[in-house]
Amino acid sequence: MPSLFLQCALLSSAFIRHGPRFMTTGDTASSAADIQLPAWKERENELLEVKRARLLYESRKRGMLENCILLSLFAKKYLTTMTAAQMSQYDRLINKPSNDWDIYYWATGVAEPPEEFNNEIMHKLQEFAKNRDKEQRLRQPDLEYLFKEAQ
């Protein structure tokens with residue numbers, strides 16, 4: 001019987017060589033990068049409070065920690081005062097691009113946002129990302145502020 005070290009080495013080399021089975025689709029051996037995401041569509045007739053709650057959740061649950069922190073703090077500061085049009089811009093911004101790094105690079109000024117996203121909300125997010133007040137932004141805000149406003 002091979003040692004545990006040898007078993008792990010064999011397993012990891014098979015995993016690296018062939019990839020995880022769940023990432024393939026049938027016999028085509030395509031990778032997860034080849035899987036197309038469904039096109040984003042704006043939700044019609046969504047109540048503003050429902051949309052606000054969904055956007056708060058989606059601001060906190062991102063694909064990368066940097067955006068979780070940036071967008072959740074941005075949502076805490078601005079989401080409650082956004083108009084319906086601004087919420088639609090924000091919804092499109094955080095949900096239409098399939099790559100969270102794009103959003104981060106646009107917000108931090110590393111890359112220019114495409115015309116579609118170069119709007120009032122993007123400018124607010126870019127200004128927020130500059131952190132001119134030098135706030136300590138190490139984690140997402142606690143959600144207690146939601147309950148204090150409701151009382």
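We use all heavy atoms of the structure for the numbers below, so side chains are in, but hydrogens, waters and symmetry mates are not. Quantities reported herein were computed from a predicted structural model and do not represent experimental measurements. Positions are given from 1, in the same order as the sequence printed here.
Sorted by first and then second residue, the ring pair (Phe, Tyr, Trp, His ring centres under 6.0 Å) pairs with a member in residues 76-97 read F74-Y78, F74-Y90; sequence neighbours excluded.
Here the CG-NZ distance, from L125 to K130, works out to 11.0 Å after rounding to the nearest 0.5 Å. For the atom pair SG of C68 and CZ of R139, the computed distance is 13.5 Å after rounding to the nearest 0.5 Å. Put simply, NZ on K77 and OG on S72 are 13.5 Å apart, with the number rounded to the nearest 0.5 Å. For the atom pair K134 NZ and R137 CZ, the distance stands at 10.0 Å (nearest 0.5 Å).
In this structure D133 satisfies the side-chain contact (heavy atoms from CB on, under 4.5 Å) test together with E135, sequence neighbours excluded. With sequence neighbours left out, K41 forms a side-chain contact (heavy atoms from CB on, under 4.5 Å) with no residue at all. Partners of T83 by side-chain contact (heavy atoms from CB on, under 4.5 Å), not counting sequence neighbours, listed by chain and number: A85, Q86.
N119 places a side-chain N or O within 3.5 Å of a backbone atom of I121 that can act as its donor or acceptor partner. Distance alone, capped at 3.5 Å, places no donor-acceptor pair between the N67 side chain and the R62 backbone. A donor-acceptor pair under 3.5 Å is absent between the side-chain atoms of R92 and the main chain of W40, judged by distance alone.
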Applying salt bridge (Lys or Arg N to Asp or Glu O under 4.0 Å) to E127 and K124, what does each step give before you reach the verdict?
CA-CA 5 Å; E127 187 59 33; K124 273 188 173 192; over 6 Å; no

Walk me through it: do L138 and I69 pass the test side chain to side chain contact (heavy atoms under 4.5 Å, CB included)?
CA-CA 7 Å; L138 301 176; I69 294 170; 5.9 Å; no

Can you give me every donor-acceptor pair (side chain of residues 101-118, partner residue at least two apart or in another chain, under 3.5 Å) with its distance?
{"from": "T108", "atom 1": "OG1", "to": "Y104", "atom 2": "O", "distance (Å)": "2.8"}
{"from": "E116", "atom 1": "OE2", "to": "K96", "atom 2": "NZ", "distance (Å)": "2.6"}
{"from": "N118", "atom 1": "OD1", "to": "H123", "atom 2": "NE2", "distance (Å)": "2.7"}

Name every donor-acceptor pair, under 3.5 Å, that has one atom in a side chain of residues 43-54 and the other anywhere in the protein, sequence neighbours excluded.
{"from": "E46", "atom 1": "OE1", "to": "R54", "atom 2": "NH2", "distance (Å)": "2.8"}
{"from": "E46", "atom 1": "OE2", "to": "R54", "atom 2": "NE", "distance (Å)": "2.9"}
{"from": "E49", "atom 1": "OE2", "to": "R52", "atom 2": "NH1", "distance (Å)": "2.6"}
{"from": "K51", "atom 1": "NZ", "to": "E42", "atom 2": "OE2", "distance (Å)": "3.4"}
{"from": "K51", "atom 1": "NZ", "to": "S88", "atom 2": "OG", "distance (Å)": "3.0"}
{"from": "R52", "atom 1": "NE", "to": "L79", "atom 2": "O", "distance (Å)": "3.0"}
{"from": "R52", "atom 1": "NH2", "to": "M82", "atom 2": "O", "distance (Å)": "3.2"}
{"from": "R54", "atom 1": "NH1", "to": "E58", "atom 2": "OE1", "distance (Å)": "3.0"}
{"from": "R54", "atom 1": "NH1", "to": "E58", "atom 2": "OE2", "distance (Å)": "3.4"}
{"from": "R54", "atom 1": "NH1", "to": "D91", "atom 2": "OD1", "distance (Å)": "3.2"}
{"from": "R54", "atom 1": "NH2", "to": "D91", "atom 2": "OD2", "distance (Å)": "2.8"}

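Cluster annotation: L70 is connected to L65 through the hydrophobic network of ILVMFWY side chains, with a link wherever side-chain heavy atoms come within less than 4.5 Å.
Contact check for N95 versus L55: side-chain heavy atoms found under the 4.5 Å cut-off.
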